[in-house]
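A quick write-up on the structure given underneath.
Small disclaimer: the values here were computed from a predicted structure and weren't measured.
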Amino acid sequence: MSLTTETFKGHSTNLVGVPTGLLASPAFNDYPLPLSINGVREMNRQFFEGLGKTGSADEAADLFEGYMNMLFGLDGGALVGDEGAKRRFRSSYRRLLEGWGFDSNGPEGAVLKGWVESRFGLLPIFHKEPLRRFPSPSWITYVEEKMSSRFHNNSISLQLDILYEFCQWMLARWLMPGKKHVTLYRGINGFHEHEIIERPDKRHAVIRQNNLVSFSASRVVADEFGDYILEAQVPVVKILFFNDLLAKHPLKGEGEYLVIGGDYRVNVSYF
């Protein structure tokens with residue numbers, strides 16, 4: 001039987017301990033619960049203990065980058081191998097962020113959406129085109145790209161797990177202590193990438209976002225990406241990555257936030 005995203009939002013299980021249906025709902029966004037990917041902090045206990053001893057956000061960011069370089073060999077660049085030997089591509093979270101910034105519907109975007117699907121249980125609703133029915137050509141394209149062997153080396157899913165947990169640690173300790181929500185904006189030219197779940201009036205709606213979606217902290221920046229501006233109260237626990245997390249990263253230019261999706265209550269403005 002074919003399933004549509006209207007009736008099927010995600011998998012029945014995930015790795016964060018909150019039912020996927022609840023995680024995807026506006027109720028969760030209104031009253032967020034703590035989220036943590038099972039086993040990540042336990043498997044990297046020394047790293048997170050080290051974070052607890054840092055004296056500033058900058059020091060913690062330096063420790064993160066050093067740890068990732070040591071654990072996954074990211075210092076040497078994307079291609080590794082002995083001189084004169086055939087070199088192989090070494091995948092990294094940085095390369096995925098760079099690819100997302102260039103085109104969220106490219107292969108790197110598929111890998112990131114696939115990671116969200118596997119950890120949070122949320123299915124994507126858009127990749128190059130709406131993913132309305134399974135199976136379908138659009139779903140096959142997404143699955144082929146998210147499973148590409150080019151990116152599934154060097155423990156890429158574990159890299160993203162650590163990135164998420166580090167982001168959450170930084171938010172709680174240094175960058176947004178005590179905050180449950182942050183006001184973010186998204187500029188769109190239409191709703192072809194979104195499903196309108198409720199529309200009580202012209203200025204308010206519940207809109208189903210993709211399982212991973214970009215927002216901006218700046219309304220002015222969001223306005224550059226579309227005539228419609230969506231304003232949302234995004235739970236801090238749904239943030240995977242954002243501008244101030246690291247000093248250097250591929251998304252630095254636009255102050256972008258990468259946010260776990262679901263059904264969001266939004267204020268809709270038109271410019």
Side-chain angles (χ1 to χ4, degrees), residues 15-16 34-81 87-102 108-109 111-112 115-116 119-120 151-180 182 184 212 214-218 221 234-260:
L15 298 182
V16 293
L35 295 177
S36 185
I37 300 171
N38 291 344
V40 176
R41 297 202 183 197
E42 291 79 3
M43 289 190 299
N44 299 274
R45 187 180 305 277
Q46 288 186 332
F47 167 60
F48 283 97
E49 289 176 351
L51 286 177
K53 299 175 183 177
T54 57
S56 68
D58 289 342
E59 187 179 344
D62 288 343
L63 180 62
F64 168 77
E65 292 185 321
Y67 183 73
M68 297 295 277
N69 288 339
M70 177 194 70
L71 196 60
F72 302 107
L74 305 185
D75 270 336
L79 292 170
V80 296
R87 297 187 298 170
R88 63 182 178 84
F89 178 83
R90 175 175 283 170
S91 186
S92 77
Y93 75 92
R94 298 170 185 164
R95 175 61 187 268
L96 295 185
L97 294 177
E98 182 180 12
W100 176 277
F102 180 73
E108 294 90 344
V111 175
L112 284 164
W115 173 81
V116 173
R119 269 46 180 173
F120 296 86
F151 295 102
H152 281 278
N153 64 64
N154 205 21
S155 302
I156 191 61
S157 292
L158 178 56
Q159 290 188 44
L160 295 172
D161 292 346
I162 297 173
L163 176 66
Y164 172 78
E165 292 293 339
F166 170 69
C167 178
Q168 291 299 309
W169 186 92
M170 286 283 278
L171 287 166
R173 176 66 179 270
W174 296 113
L175 303 177
M176 297 183 190
K179 292 191 68 173
K180 290 189 174 183
V182 58
L184 299 178
L212 186 65
S214 291
F215 280 89
S216 175
S218 169
V221 171
V234 173
V236 170
V237 296
K238 281 194 170 183
I239 298 173
L240 167 63
F241 189 85
F242 66 109
N243 189 62
D244 294 331
L245 186 63
L246 299 172
K248 296 180 181 180
H249 57 80
L251 300 181
K252 197 69 176 179
E254 296 167 357
E256 192 169 351
Y257 278 68
L258 267 63
V259 172
I260 309 302

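Aromatic ring centres of F47 and Y67: separated by under 6.0 Å.
For Q46, the CD atom sits in a loose shell: 12 or fewer heavy atoms of surrounding residues, nucleotides or ligands are nearer than 6.0 Å.
Within the 4.5 Å cutoff, the side chain of F242 has no heavy atoms near those of the V259 side chain.
For D62, the side chain to side chain donor-acceptor pair (under 3.5 Å) criterion is met by no residue, not counting sequence neighbours. Judged as a ring-ring contact (aromatic ring centres under 6.0 Å, His included), and not counting sequence neighbours, F72 has no contacts. Residues passing the ring-ring contact (aromatic ring centres under 6.0 Å, His included) test with F120, sequence neighbours excluded: W115, Y164. In this structure, the side-chain contact (heavy atoms from CB on, under 4.5 Å) partners of V111, at least two apart in sequence or on a different chain, are L96, F151, H152.
Panel note: side chain Q159, backbone S91; a donor-acceptor pair is recorded below 3.5 Å. Under the 3.5 Å distance criterion, the side-chain polar atoms of H249 are left unmatched by any main-chain donor or acceptor of R94. Side chain of E108 to backbone of F102: no donor-acceptor contact under 3.5 angstrom is found.
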### Chi angles and distances behind the side chain to side chain contact (heavy atoms under 4.5 Å, CB included) call for L97, L258
CA-CA 9 Å; L97 294 177; L258 267 63; 3.9 Å; yes
Side-chain donor-acceptor pairs of residues 172-180 under 3.5 Å, sequence neighbours excluded:
none

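For the salt bridge (Lys or Arg N to Asp or Glu O under 4.0 Å) condition, the pairs that include at least one residue of residues 160-171, sequence neighbours left out, are R41-E165, R119-D161.
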